[in-house]
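Order of the sequence lines sets the chain letters (A, B, ...), proteins ahead of strands, with each chain counted from 1. The basis for the numbers below is simple: all heavy atoms, side chains too, and nothing from hydrogens, waters or symmetry mates.
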Amino acid sequence: MTDNNIASRDSQWREELRKAMPAKERTAIPRVKMPELDPAYRITTFTEEVNQGLSAEQAVTEATRCLDCPDPTCTKGCPVSIDIPAFIKNVQRGRNDLALEVLRNTSALPAVCGRVCPQERQCESKCIYNRMGKQPVAIGYIERFAADTAGSEPVNAQPVEPNGIKIAVAGSGPSGLSFAADMAARGFDVTVFEALHEIGGVLKYGIPEFRLPNAIVDREIQGLQAAGVKFVVDTIIGKTISIDNLRERGFKGIFVASGAGLPRFMGIPGENLIGVMSSNEYLTRINLMGAGREGFDTPVAHGKVVAVIGGGNTAMDSSRTARRMGAEKVYIVYRRSEAEMPARVEEVKHAKEEGIELMTLSNPVEYLGDEKGRVTAMKVQRMELGEPDESGRRSPVPIPGAVDTVPVDMVIVSVGVSPNPIIPNSVDGLDISRRGTIVINDDTMQSSIGDLYAGGDIVRGGATVILAMGDGRRAAAGMAAALIP
Amino acid sequence: MFKIVDKQHFSPAVVKLVVEAPEIARARKAGHFVIVRACEGGERIPLTIADADPVRGTITLVVQSVGVSTRKINALEPGEALIDVVGPLGRATHIEKVGTVVCCGGGVGVAPLLPIIRAMKQAGNRVVSVLAARTRDLIILEEQVREVSDEVIIMTDDGSYGTKGLVTDGVESVIQREKVDQVVTIGPAVMMKFVSLLTEKYGIPTVCSLNTIMVDGTGMCGACRVTVDGRTRFVCIDGPEFDAHKVDFDEMMMRLRAYND
């Protein structure tokens with residue numbers, strides 16, 4: 001799809017860029033620092049992004065650091081194998097439009113990935129700079145810069161010949177959007193069905209605007225609409241329209257990307273007290289429903305002293321949201337130590353800057369309430385690190401007798417989710433794992449039912465935006481190959 | 001957008017709305033509910049479907065004004081529209097022939113009870129319906145219930161209509177005179193609690209339909225969790241109907257007050 005001249009490492013312009021500066025000089029450039037809003041200011045705003053994005057000058061300098069390796073290892077760290085040096089070098093020569101085109105070849109949502117991907121564990125962890133004992137090229141920052149500055153052309157500049165084959169997608173989160181983009185680019189007639197009243201799935205209800213503004217998500221969705229993708233909200237596949245109904249209506253392939261459903265709770269006493277809620281509930285009330293803001297009817301509790309249980313990105317999002325809702329004290333309660341936290345390093349850093357306290361090696365064992373049933377305190381069991389478990393992380397072991405009572409007036413439980421049961425429960429003969437995920441062929445993403453493919457959290461149980469998008473891509477390739485042999 | 005095609009006041013606070021929602025009208029069964037949002041900026045609230053006409057493509061909702069959102073819904077006139085209606089949600093009522101079924105509803109709970117009464121009757125059961133309210137004006141859908149019941153008992157707190165007394169008095173009078181195989185109860189949580197305590201005493205299987213706080217209604221938020229048989233269950237996915245004898249009604253009533261002040 002891409003002109004060789006845009007992406008090929010052998011093209012003349014890439015050679016010239018490589019020759020323009022010796023490697024020694026490039027590697028001497030320090031890694032760029034992301035401009036950020038001041039913590040004292042940013043906890044007063046929901047919608048302003050903490051990371052402000054690189055300036056053109058910063059982006060070009062950072063792109064110059066990239067050595068344009070003959071055998072780039074960064075791309076191997078990317079779940080969707082983005083041609084990373086090609087887009088970086090296009091940014092370096094000032095062609096953000098072409099950089100975006102390179103990104104679009106493999107990723108439907110570059111402005112989203114540039115913001116929420118855990119680059120430090122993926123592409124950037126594989127950058128050659130690490131082996132030189134230096135900080136890796138800021139691939140994520142440059143990706144975001146390219147996506148934000150290149151304008152909002154439709155996904156496919158060249159019109160595609162429609163093939164007239166109708167495809168349905170259940171869920172408009174990252175996996176569904178990625179799949180829809182790829183199928184539309186192949187000429188399929190794609191309709192995405194969304195259960196909620198807004199398109200975007202977790203990108204809208206889950207990830208707060210200070211990390212991923214809704215306007216960015218909407219721009220990506222508009223790109224898909226321009227490419228011919230249709231969106232239908234308020235429609236639950238498996239409830240409003242069954243899989244059989246879809247077949248009767250002429251849909252030849254169905255991609256299930258219905259995401260993570262049921263929030264997990266810990267099953268400890270007091271968990272149903274008022275003021276104890278899942279991070280899904282808390283974030284949905286605020287992000288999707290606008291709770292706590294002028295003009296929105298949905299209520300939300302305003303905790304003064306808030307405990308967020310868990311150490312993942314959703315826990316960080318919840319804690320930072322609570323701070324912005326006016327909480328005076330917010331604890332992240334995590335049973336291991338900070339080093340084991342699954343959250344992105346940047347999110348933990350941002351949380352700490354915003355005054356969130358990490359209460360590590362601590363595990364809630366009970367919540368206490370008042371006569372009205374409102375939570376007033378939590379009992380936490382203090383832990384110490386023992387031997388490494390199967391995951392290689394040192395497992396937490398309770399310290400006998402070390403239980404403290406900590407006053408809190410709100411608790412947000414963020415210890416994971418189970419797959420949404422609606423579609424697994426509604427289709428006969430669909431192969432489901434013991435965890436409730438849909439079983440698929442790893443290469444094609446095809447389920448045990450021929451015309452039904454699946455990806456994202458409904459298959460993985462709980463993963464990242466980029467892995468969900470990678471699933472969408474693979475499913476599109478798999479389904480397209482099956483439908484047009 | 002989901003157009004309102006008909007509106008009828010049962011009482012100043014209770015309104016029947018017939019809403020265009022063809023997909024839901026086709027797919028719904030007795031016991032299902034929908035999530036409704038009245039307008040931009042509005043709250044998502046669960047409402048049980050009272051009736052549906054798959055040919056016309058409409059569903060019927062009966063809404064009592066109790067808060068901001070229900071007032072906004074009830075202020076809409078025919079020709080206007082609800083911005084979002086999603087469903088049908090929850091599990092449908094389990095309908096089978098068991099013998100004699102007592103269906104008791106309080107207040108607007110009679111609306112979601114009506115399709116269950118009809119389905120129980122169609123399945124070949126003898127159905128005795130007990131309708132209860134504070135006063136005569138709040139008894140709704142009496143005529144429709146009569147059409148599909150073998151017998152109807154009306155109870156009012158003030159004795160202004162039917163027999164003076166609580167819903168439980170009406171149900172107990174049936175239990176004392178004939179063999180009752182199952183009870184279905186829909187209404188305020190406190191009413192269901194006392195119906196449940198009564199039928200437990202007599203060992204009669206009892207189904208209740210819970211209406212808790214919800215946000216998405218699809219199993220995502222967990223706001224609707226209740227304790228049933230000592231386990232946390234989600235009303236939107238596992239319910240809305242449960243074995244009444246196993247529901248922790250006190251906890252449920254406490255949780256319903258989460259946003260009361």
Tell me whether the count of non-hydrogen atoms from other residues, nucleotides or ligands lying under 6.0 Å of CZ in B:R56 goes above 12. no
Report the distance from atom CE of B:M220 to atom CG of A:L262, rounding to the nearest 0.5 Å. 11.0 Å
Atom pair CD (A:E198) and CG (B:D84), whose distance is rounded to the nearest 0.5 Å: 9.0 Å
Of the non-hydrogen atoms in B:A27 and A:K239, which two are nearest, and what is the gap between them? CB-O, 3.7 Å
Would you indicate whether A:K166, at its atom NZ, is surrounded by more than 12 heavy atoms from other residues, nucleotides or ligands within a distance under 6.0 Å? yes
Is B:I83 close to chain A through its backbone or its side chain, or both, or neither, when contacts mean heavy atoms under 4.5 Å? backbone
Output the option from A:A291, A:S278, A:G267, A:P263 having the highest count of non-hydrogen pairs under 4.5 Å with chain B. A:P263
Identify which part of A:L196 has an atom lying under 4.5 Å from any heavy atom of chain B, answering side chain, backbone, both or neither. both
Taking side chain as everything from C-beta outward and backbone as N, CA, C, O, which of these in A:V276 sits under 4.5 Å from a heavy atom of chain B? Side chain, backbone, both or neither. both
Evaluate whether atom NZ of B:K7 has more than 12 neighbouring non-hydrogen atoms of other residues, nucleotides or ligands under 6.0 angstrom away. yes
Select, from A:N425, A:V300, A:V413, the one with the greatest count of heavy-atom pairs under 4.5 Å involving chain B. A:V300
Whatever's closer than 4.5 Å to a heavy atom in chain A on B:E251 counts as side chain
Test item: side-chain donor near acceptor, A:T284 and B:D216, under 3.5 Å: no
If you count every heavy atom of other residues, nucleotides or ligands that lies below 6.0 Å from B:R134 atom CZ, does the total exceed 12? no
Taking B:V215's backbone N and O only, do any of them form a donor-acceptor pair with A:R285's side chain (distance below 3.5 Å, no angle check)? no
Would you say that B:K72 contacts A:D297 through its side chain, given a criterion of any heavy-atom pair below 4.5 Å between the two side chains? yes
What part of A:Y282 is in contact with chain B, defined as an atom under 4.5 angstrom from a non-hydrogen atom: side chain, backbone, both or neither? neither
So CG of A:N272 and CZ of B:R255: to nearest 0.5 Å the spacing works out to 5.0 Å
Is the shortest distance from a Lys or Arg side-chain nitrogen in A:E248 or B:R26 to a carboxylate oxygen in the other one below 4.0 Å? no
Tell me, do B:E43 and A:P299 make a side-chain contact under 4.5 Å, heavy atoms counted? yes
Check: A:D234 and B:I35 side chains under 4.5 Å, non-hydrogen atoms: no
Compare every heavy atom of B:P88 with every heavy atom of A:T240, then report the nearest pair and how far apart it is. CA-CD, 4.0 Å
May I ask you to decide if A:E271's main-chain N or O and B:R225's side chain share a donor-acceptor pair within less than 3.5 Å? yes
Are A:I274 and B:M254 close enough that some pair of their side-chain heavy atoms sits under 4.5 Å apart? yes
Heavy-atom distances under 4.5 Å only: say whether B:R37 touches chain A with side chain, backbone, both or neither. side chain
How far does CZ of B:R257 sit from NZ of A:K372, to the nearest 0.5 angstrom? 9.0 Å
To check you understand the geometry: which heavy-atom pair defines the closest contact between A:A195 and B:T218, and what is its length? CB-CG2, 4.5 Å
So which part of B:L256 gets closer than 4.5 Å to some heavy atom of chain A, the side chain, the backbone, both or neither? neither
Bottom line for A:N420: the part with an atom under 4.5 Å from chain B's heavy atoms is side chain
